[in-house]
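Below is one structure, written out as structure tokens; comments come after it.
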Amino acid sequence: MLPPRQQPRPGSLQTSLSLVSSEHRLSPDAQEPRSNSDNVHESPTESASSQETWPTADAVTAKKMENGKIENDCPEQSVIRRVSSADKITLRDIARERVDVISEKMHRLPDEFLDELKNQLKAILEGNGGSQNREEFLILQKLVQSRSDLTAKTLIRAHRAQLEILVAINTGIQAFLHPNISLSQTSLIEVFVYKRCRNIACQNQLPADDCTCELCANRNGFCNLCMCVICNKFDFEVNTCRWIGCDLCSHWTHTDCAIRDGQICMGSSVKSGSGPNEMLFRCRACNRTSELFGWVKDVFQHCAPAWDREALMRELDFVSRIFRGSDDPRGKKLFWKCEDLLEKMRGGQAESTACRSILIFFQVNV
């Protein structure tokens with residue numbers, strides 16, 4: 001699922017349903033757990049072993065025997081044997097040595113060796129090795145991000161595999177190492193120097209839409225089309241209450257981040273500026289407020305009929321948490337309604353019945 005995009009819509013209510021289509025889904029490794037800082041850096045998230053896996057002599061010989069003959073000219077075996085100790089390179093070598101020096105060495109190395117280097121980095125980024133993988137990743141990233149020589153001008157000379165590894169280390173996203181994801185050399189360089197969105201499903205030039213706000217101007221690699229203004233993360237959720245789009249500046253915030261940081265709270269009516277309070281969302285990017293009851297109503301009316309049982313329960317839970325502290329009558333009713341439907345669905349109520357019930361609620365409570 002692709003990340004949210006804000007598009008202008010008629011009327012006063014704006015929702016997260018103006019998101020890009022869900023075609024061309026990527027594997028989970030295209031997602032990223034991003035830290036809440038202005039620097040683009042990551043920690044490993046999953047894991048595998050990082051030991052070498054290229055063909056051994058015994059494996060090659062066994063394969064030849066299966067084919068009814070043993071040949072002396074085994075290409076896989078001979079290629080690996082020709083890699084001298086002087087030519088072999090490590091991930092740390094790539095992270096700390098000059099681009100042209102490593103590039104020249106990599107051009108002399110067989111594809112199997114380069115693929116294994118990328119597999120080693122994938123394993124580190126996956127993170128199942130625990131603290132050892134995390135520590136190694138942080139070492140690699142510190143080496144890369146402390147260098148002043150890695151510029152658009154010098155990276156033009158990089159070997160393709162070298163550039164993919166550098167980008168994966170800098171962003172912490174292993175999707176850049178995936179054989180089925182092939183960005184141009186120029187695009188990879190732009191991602192590295194923060195001129196293109198690191199979200200492969202987005203890939204917009206930065207700053208997106210030529211935005212001149214403080215966030216887009218000063219936060220390296222931030223994309224207002226698909227990243228949360230609080231945590232700096234992107235994901236692939238669409239048509240959901242998980243993301244809140246600002247009606248005014250079109251920047252996006254995770255609902256959980258907004259709740260945690262106090263960006264969702266009671267305040268004066270957005271429409272009248274006076275009168276009874278209602279539940280509001282305050283955008284950190286522009287510091288202006290949007291009302292939330294109409295936004296939730298709009299999302300449910302447009303998207304709820306397409307949600308499965310799990311999705312409907314998840315969305316009801318999001319809305320329940322948004323309006324848990326509501327003091328206005330409509331907000332309280334919506335909170336109680338969501339809690340009631342969640343309890344009934346846990347007891348076996350069909351999602352179609354629950355969906356119809358919440359949609360009727362929104363029709364009655366204008």
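What you see is a predicted model; the values in this text were computed from it and never measured.
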Test side chain to side chain contact (heavy atoms under 4.5 Å, CB included) on W252 and F234 and set out the steps.
CA-CA 10 Å; W252 291 84; F234 66 80; over 6 Å; no
Testing V99, I189, V193, N170 one by one against L150 for a side chain to side chain contact (heavy atoms under 4.5 Å, CB included), which residue passes?
V99
Looking at [Y], is its backbone amide N or carbonyl O close enough to the side chain of [X] to form a donor-acceptor pair, meaning the two atoms are under 3.5 Å apart?
| X | Y | answer |
| --- | --- | --- |
| S320 | C338 | no |
| R282 | T289 | no |
| H178 | Q174 | no |

Within-4.5 Å side-chain heavy-atom neighbours: [X] and [Y]:
| X | Y | value |
| --- | --- | --- |
| D235 | H254 | yes |
| H251 | C211 | yes |
| Q132 | E136 | no |
| I264 | M279 | yes |

Straight-line distance of L280 CG to M266 CE, nearest 0.5 Å:
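Rounded to the nearest 0.5 Å, the CG-CE separation comes out at 7.5 Å.
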Measure the spacing between SG of C223 and CG of L215 and express it to the nearest 0.5 Å.
12.0 Å
Run the numbers on N232 and F222 for side chain to side chain contact (heavy atoms under 4.5 Å, CB included), then give the verdict.
CA-CA 7 Å; N232 217 38; F222 179 75; 3.2 Å; yes
Does the distance from a Lys or Arg side-chain N to an Asp or Glu carboxylate O, for E339 and R324, drop under 4.0 Å?
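Counted as a salt bridge, because a side-chain N and a carboxylate O are separated by less than 4.0 Å.
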Under a 4.0 Å threshold between the charged nitrogen and the carboxylate oxygen, would D93 count as salt-bridged to K105?
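No, K105 and D93 are not salt-bridged.
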Crowded around Q185 CD? As in, over 12 foreign heavy atoms under 6.0 Å?
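Yes - once you tally the heavy atoms of other residues, nucleotides and ligands closer than 6.0 Å, there are more than 12.
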Cluster companions of V364 among Ile, Leu, Val, Met, Phe, Trp, Tyr (side-chain spacing under 4.5 Å)
I360
For side chain to side chain contact (heavy atoms under 4.5 Å, CB included), just list the numbers for L334 and N365, CA-CA rounded to whole Å, side-chain angles, deciding distance to a tenth of an Å, and then say yes or no.
CA-CA 9 Å; L334 180 54; N365 294 273; over 6 Å; no
Test side chain to side chain contact (heavy atoms under 4.5 Å, CB included) applied to I200 and F176, step by step
CA-CA 8 Å; I200 293 175; F176 290 108; 3.9 Å; yes
Would you please indicate yes or no on a ring centroid separation below 6.0 angstrom for W307 and F300?
yes
Taking salt bridge (Lys or Arg N to Asp or Glu O under 4.0 Å) as the definition, give me every residue that meets it alongside E315, ordered by chain and number, with sequence neighbours left out.
none
